[in-house]
Amino acid sequence: MQSIEEQFIDLRRRYLELRFGALNEVQRRAVFKTEGPLLILAGAGSGKTTVLVNRIANLILFGHAYHAKQVGAGLAAEDVHELEKCLREQTAPSPQLAARLPVEPVRPWNIMAITFTNKAAGELKSRLASLLGQQVGGDVNASTFHSACVRILRRDAEKMGFPKSFTIYDTDDQQRVLKELYKNMNIDDKFLPVRAAASAIGRLKDRMIPPSEAAETALDARSQLVAQVYAAYAKRCRESGAMDFDDLIYYTVRLLREQNEVRSYYQNRFQYILVDEYQDTSVAQFQLVSLLCGPGQNVCVVGDDDQSIYRFRGATIENILSFELHFPGAEVIRLEQNYRSTGNILDAANCVIRNNEGRKGKTLWTDAGRGEKVRYYYADSELDEAAHIAQVIEENLEQGARLSDHVVLYRMNAQSSPVENYFTRAGIPHKIVGGLRFNDRKEIRDLHAYMSIVSSPQDDLRLRRVINEPARKIGNTTVDKIAEIAAGLEVPMLEVIKGAENYPALSRAAKALKGFYALYLRLVEAEEELPLEEFAAQVPEITGYTDMLLALGEEGATRLENIGQFVSNVKTYVDMNGEEASLEGYLEEIALISDIDSYDESADRVTLMTLHSAKGLEFPYVFIVGLEESIFPSEMSRFAPEDVEEERRLCYVGLTRAKKQLYLSSAATRLLYGQTRRNQPSRFLEEIDEELMEKESSPSLQAARMHRFSPFGSEGGGQRQNGYLDRNYNAAPAKRGNSRSAGMEARFASSLSSAKGPVKKVEGGSFLPGDRVKHKVFGEGVVEKVTPVGGDHLIEIEFEKVGRKKTMANYAPLEKMGVDG
DNA sequence: ATCGATAAGATCGAC
DNA sequence: TCTTATCGAT
C-alpha cells in the first residue's frame with residue numbers, strides 16, 4: 001500500500017504529463033529534465049521552439065516537480081482525492097491544490113534564453129507571453145548573444161578599459177578602420193584584402209585569441225601580417241572606445257573570466273541557461289555559456305548538427321559534437337519526429353545528409369504520409385528555369401494555393417535576378433529577402449553617422465564618413481591633416497575642427513571647417529531641443545542631405561524615399577519605447593537589428609531568398625534552383641571536404657523547409673556574372689533515391705537528345721562526365737505523359753529557337769485596348785493600353801479585383817477571353 | 001575637389 | 001553583367 005505522499009507524487013506526474021499532453025513523449029522528457037546539462041538534438045521541424053517554450057514554462061510553473069520526491073508540508077488525503085478527480089474529469093485544480101504542485105519553481109528572471117537572431121528572441125518572448133501571461137513571460141530574459149553581451153558590458157565595460165558608453169562598430173565601420181590602418185602601416189591589400197583581414201581577425205576573436213598570442217603562433221608571413229593588423233586594430237578600437245560585434249562576445253568572456261565578482265553576480269542571476277541553435281555557436285560563445293552557468297550547470301542547449309551552416313563565420317560544430325565532454329553527465333535527447341514535411345520530402349533530405357561523415361546521426365521520420373514525389377526539372381537555361389517556376393506557381397494557384405505558400409531558394413543573391421525579372425514581367429507579386437539591407441544603404445548610414453557624432457563627438461570614424469557628404473570642400477588631404485593634429489594633441493578630431501584657424505596647416509580649409517563645426521552645433525542644439533523623431537527629421541535638412549538629393553532629380557528620388565522611411569523608423573522606435581527612447585538607445589538598436597527581422601510574412605507574395613536566410617522558416621511549396629556543380633555545392637568548396645559537407649548541410653536545410661511539395665531544378669547553361677557557363681547537375685541530386693523523385697527536362701534538351709547530340713557531347717571538345725545525365729534523364733520525360741503538361745511543353749518548345757527570349761510566345765500585338773483578358777494571378781480585367789517595348793508589348797490592364805497593373809505580353813500568364821468575357 | 005573613365009572583383013552574412 | 005574603388009585630368 002502506497003503512502004499518501006507516494007500517491008501524490010504519482011498523481012502529480014500524471015497531472016504534469018496531462019498538462020503538457022500536447023507534446024510527444026520525447027519532447028516531454030526534454031521539458032521535465034530541469035536540472036543539469038541537457039543537449040536536445042532537434043531535427044528540422046521537430047517542434048524545437050515548442051519544447052524550449054514549454055520547458056521554460058515548466059520551470060516557472062512547476063520547478064522540478066516531475067522528478068521530485070518531496071511534497072510540501074501538511075499534505076492531506078483530500079489533496080490526493082482532489083488531484084485524482086482533476087485527472088479523471090480533466091478539470092483545473094483549486095488554487096490551494098495548485099499551490100501544492102510546484103517544487104522549487106524558478107523565478108522568471110533567473111532564466112536566460114539566448115538566441116542568434118532578434119526574430120528568434122522575439123518569437124520566444126511572444127510565445128512565452130501567450131503561455132505565461134505578459135507579466136511573467138516578460139520577466140524571462142530572452143535575447144540574442146550580442147544584446148545580452150551589450151547589457152553586461154554597459155555595466156562593467158570600464159573593467160575592460162572601455163567607456164560604458166562604448167560605440168558599436170558594424171562590419172562596414174570595421175572595414176573603414178582597417179582601410180585606414182592599411183594606409184598608415186603601408187600594407188598592400190593585394191596580399192591581404194581588407195575583407196580577408198577582417199574575417200581572419202574575427203575568427204581569432206571567435207577562438208578567444210588575443211593579439212599577442214596571434215603574433216606568437218603565426219607561422220607564415222600572412223598570419224604574421226594578420227596578427228600585426230589585429231594588434232593595431234584592437235588598439236585603435238580601444239582608443240576610439242568602440243567594439244565590433246566580435247568584441248562584444250570576446251570582452252564579455254574576458255570580463256566574466258577575469259572578474260570573479262562579476263562572474264558570480266551573473267551566475268547567481270541566471271540559474272537556468274537555454275541556448276538555441278547551438279550548432280551555430282563559436283568557441284567564444286561556448287565559453288560565454290559555460291561561464292554564465294554556475295556550479296549548478298543548468299544549461300540546456302538545442303541544436304541540430306545537420307543544420308550547421310555557419311562554419312565560415314566562426315561556428316564550430318564541435319560544440320555540439322562534444323557537448324557531453326564539455327558538460328560531464330549531460331543527457332542527450334533526440335527529437336526525430338518531424339511535424340512539417342511529407343515522407344518523400346523527409347526521405348530525400350535523409351538521403352542527402354547521410355553522406356556526411358561528422359555527425360551525431362539522426363533520422364527524421366513522420367507519420368504524415370508519403371505525399372507527392374519530389375519534382376526535378378532539368379532546365380535549358382536559367383530563364384527556362386524561371387519560366388518553369390512561374391508555370392508551376394500558376395498551376396498551384398489554380399489548385400487553390402496562395403502566392404505566399406511559395407518560396408524560391410538559391411545559393412547566392414546573384415542568382416535571384418532571372419527569377420525576379422521573370423516574375424516582374426509576368427506580374428507575379430514577389431518579395432526578395434536579404435540582398436541589400438535597408439540600414440546598409442549609403443544615405444541611411446550617413447544619417448546614422450551624423451546622429452552618432454552628436455551622441456559621441458569623439459567618434460572620428462563616423463565623422464570622417466560624413467564630413468564631406470554632401471560635398472563641403474573638405475577633401476581627403478584636409479581630413480588627414482586634421483587626423484594628424486588630433487593624434488598629436490590626443491583630442492578628438494572635432495576638437496581640432498572647432499579651432500581650425502589656430503593651425504596653419506588648415507588655413508586654406510579653415511572656412512569650410514568652421515562651417516562644418518557650425519553645422520555640428522546646430523545638430524546638437526536640435527537634439528537638445530526637439531523630441532527624438534523631430535530631431536531625426538531635421539538631420540537630413542540641417543546637413544543639406546535633402547537638398548543634395550533634390551538637386552539630383554530623378555536619380556535621388558528613391559533615396560529621398562528611403563530618408564522618409566528612415567524618419568518613420570525613428571518614429572516607430574520612439575512609439576515602441578516611450579519614455580525610454582533616447583538617441584543612444586536608437587543607435588544601439590539599429591546597430592543590433594537587421595531587416596530580415598522585419599520580413600513580413602503576411603503579404604501574399606512569393607518569397608525569394610538565399611538558402612541561408614531560409615533557416616528556421618517553412619513553406620508548403622519550396623523551389624530550390626541552381627542545383628549545379630560549382631553553384632551548389634559552390635565553387636569555393638571544391639577542394640575541402642569539410643566545405644562540401646557544409647554545403648550538404650545547407651542543402652539539407654533547404655530540403656527540409658518544404659511542407660507539401662519540393663521542386664528542385666538545375667540548368668544546362670547558366671548566365672552568371674556575364675558569362676554563360678555549363679555546369680553539371682549537382683551531386684546532391686544524385687544522392688536522392690530515384691524512386692523519391694519525378695524528373696522532367698526541358699523540351700529543348702529532349703529534342704537535342706533525340707537528334708543524337710547530347711547537350712554536352714557536341715560542345716567544343718571538352719570531355720564531360722555526363723554519366724549522371726544519361727542514367728537519369730532518358731526515361732524521365734515520358735513519364736509526364738498526357739497530363740496538363742502537353743500545353744506547357746508546346747509553349748516551352750517555342751522558346752527554344754531564341755534561347756534567351758521569353759518562354760511564352762504570344763503575339764504581343766494580339767492584345768488590343770478593350771480586350772477582356774484573364775490573368776492567372778490577378779483575375780479578369782480589361783486591356784487599357786498596349787505599348788510596344790523592345791520586341792514585346794507592355795500591357796496595362798484594369799483588373800476587376802486588384803486595379804490597374806502593368807505586365808509584359810510575352811511573360812504574363814494572360815488569356816484572351818470571349819467577346820462577352 | 002570633383003568628375004569621369006577604367007579596372008577589378010564578385011558566397012553564404014546573425015549581431 | 002554590374003557594382004565599387006581608384007586614378008588622372010580639369
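None of the values given here were measured: they were computed from a predicted structure. Numbers restart at 1 for each chain; the letters A, B, ... are given by sequence-line order, proteins then strands.
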Notebook entry, point to check: Between dC15(B) atom P and D172(A) atom CG, what is the distance in whole Å?
Noted result: 17 Å
Next item on the list: Check the distance between dG13(B)'s P and E646(A)'s CD and give it to me in whole angstrom.
Entry: 12 Å
Next item on the list: Using a 4.0 Å heavy-atom cut-off across all strands, classify M412(A) as base, sugar-phosphate, or nothing.
Entry: sugar-phosphate
Next item on the list: Could you tell me whether N468(A) contacts a base, only the sugar-phosphate backbone, or nothing, with contacts defined as non-hydrogen atoms closer than 4.0 Å?
Entry: sugar-phosphate
Checklist line | Rounded distance in Å - CZ (R670(A)) to P (dA10(B)) | finding: 20 Å
Notebook entry, point to check: Of all the choices, dG13(B), dT11(B), dG9(B), which nucleotide is nearest to the side chain of S613(A) once you look at every atom?
Noted result: dG13(B)
Check: Which part of the nucleic acid does I474(A) contact within heavy-atom distance under 4.0 Å: base, sugar-phosphate only, or nothing?
Finding: sugar-phosphate
Next item on the list: Look at the side-chain N and O atoms of N476(A) and state whether any lies under 4.0 Å from the OP1 or OP2 oxygen of dT2(B).
Entry: no
Margin query: Is there a side-chain contact between Y182(A) and the phosphate of dA5(C), meaning an N or O under 4.0 Å from OP1 or OP2?
Written below: no
Note to self: Heavy atoms from C-beta onward define the side chain here; which of dA14(B), dG13(B), dA5(C) lies closest to that of H612(A)?
What the structure shows: dG13(B)
Checklist line | Distance, rounded to the nearest Å, where D247(A) contributes CG and dC15(B) contributes C1' | finding: 12 Å
Check: Under a 3.5 Å cut-off on both pairing distances, which runs of 3 or more consecutive Watson-Crick or G-U pairs involve DNA chain B?
Finding: B:1-10 with C:1-10
Check: Taking the six-membered ring for Trp, are Y266(A) and F270(A) parallel (under 30°), tilted (30 to 60°) or perpendicular (over 60°)?
Finding: parallel
Check: T610(A) side chain: which of dA1(B), dC12(B), dT1(C) is closest?
Finding: dC12(B)
Review item, side-chain donor-acceptor pairs of residues 645-657 of chain A, under 3.5 Å, at least two apart:
residue : atom : partner : partner atom : Å
E645(A) : OE2  : E357(A) : N            : 2.7
E646(A) : OE1  : R311(A) : N            : 3.2
E646(A) : OE1  : R649(A) : NH2          : 3.3
E646(A) : OE2  : R311(A) : N            : 3.1
E647(A) : OE1  : R411(A) : NH1          : 2.9
E647(A) : OE1  : S634(A) : N            : 2.9
E647(A) : OE2  : R411(A) : NH1          : 2.5
R648(A) : NE   : E687(A) : OE1          : 3.1
R648(A) : NE   : E687(A) : OE2          : 3.3
R648(A) : NH1  : N356(A) : OD1          : 2.7
R648(A) : NH2  : E687(A) : OE2          : 2.7
R649(A) : NE   : S308(A) : O            : 2.6
T656(A) : OG1  : Y652(A) : O            : 2.8
T656(A) : OG1  : V653(A) : O            : 3.1
R657(A) : NE   : V653(A) : O            : 2.7
R657(A) : NH1  : L617(A) : O            : 2.9
R657(A) : NH2  : Q307(A) : OE1          : 3.3

Next item on the list: Return no unless some side-chain N or O of N118(A) is found under 4.0 Å from OP1 or OP2 of dA14(B).
Entry: no
Item checked: Among dG13(B), dA1(B), dA14(B), the one nearest K473(A) by side-chain distance -> dA1(B)
Next item on the list: Answer yes or no for this row: F312(A) ring on dT11(B) base, centroids under 5.5 Å, planes under 30°.
Entry: no
Item checked: Protein-nucleotide distance (L650(A), atom CG; dG13(B), atom C1'), rounded to Å -> 12 Å
Next item on the list: Fit a plane to each ring of Y310(A) and H612(A), take the angle between them on a 0 to 90° scale, and name the class: parallel (under 30°), tilted (30 to 60°) or perpendicular (over 60°).
Entry: tilted
Check: Atom CD of E382(A) to atom P of dT1(C): distance rounded to whole Å?
Finding: 12 Å
Next item on the list: Kindly indicate whether a cation-pi arrangement holds for R154(A) with F166(A), taking the cut-offs as under 6.0 Å to the six-membered ring centre and within 45° of the axis.
Entry: yes
Margin query: I want to verify a distance call: between dT2(B), dC15(B), dC12(B), whose nearest atom is closest to the N413(A) side chain?
Written below: dC12(B)
Note to self: Between the base of dG13(B) and the side chain of R195(A), is one N or O donor paired with an acceptor at under 3.5 angstrom?
What the structure shows: yes
Next item on the list: Go through dA14(B), dA1(B), dT2(B) for me and flag the one nearest to the A471(A) side chain.
Entry: dT2(B)
Next item on the list: Establish, for the pair R254(A) and Y251(A), whether the NZ or CZ atom is under 6.0 angstrom from the six-membered ring centre and no further than 45 degrees off its axis.
Entry: no
Next item on the list: May I ask you to verify if any side-chain N or O of S417(A) is less than 4.0 angstrom from the OP1 or OP2 atom of dT1(C)?
Entry: no
Note to self: Can you measure E469(A) atom CD to dT2(B) atom P for me and round it to whole angstrom units?
What the structure shows: 10 Å
Checklist line | Donor-acceptor contact below 3.5 Å, side chain S240(A) vs main chain A242(A) | finding: no
Next item on the list: Name the closest nucleotide to the R313(A) side chain, picking from dT2(B), dC15(B), dG13(B).
Entry: dG13(B)
Next item on the list: Side chain of Q285(A) only, please: which of dC15(B), dA14(B), dC12(B) is the nearest?
Entry: dA14(B)
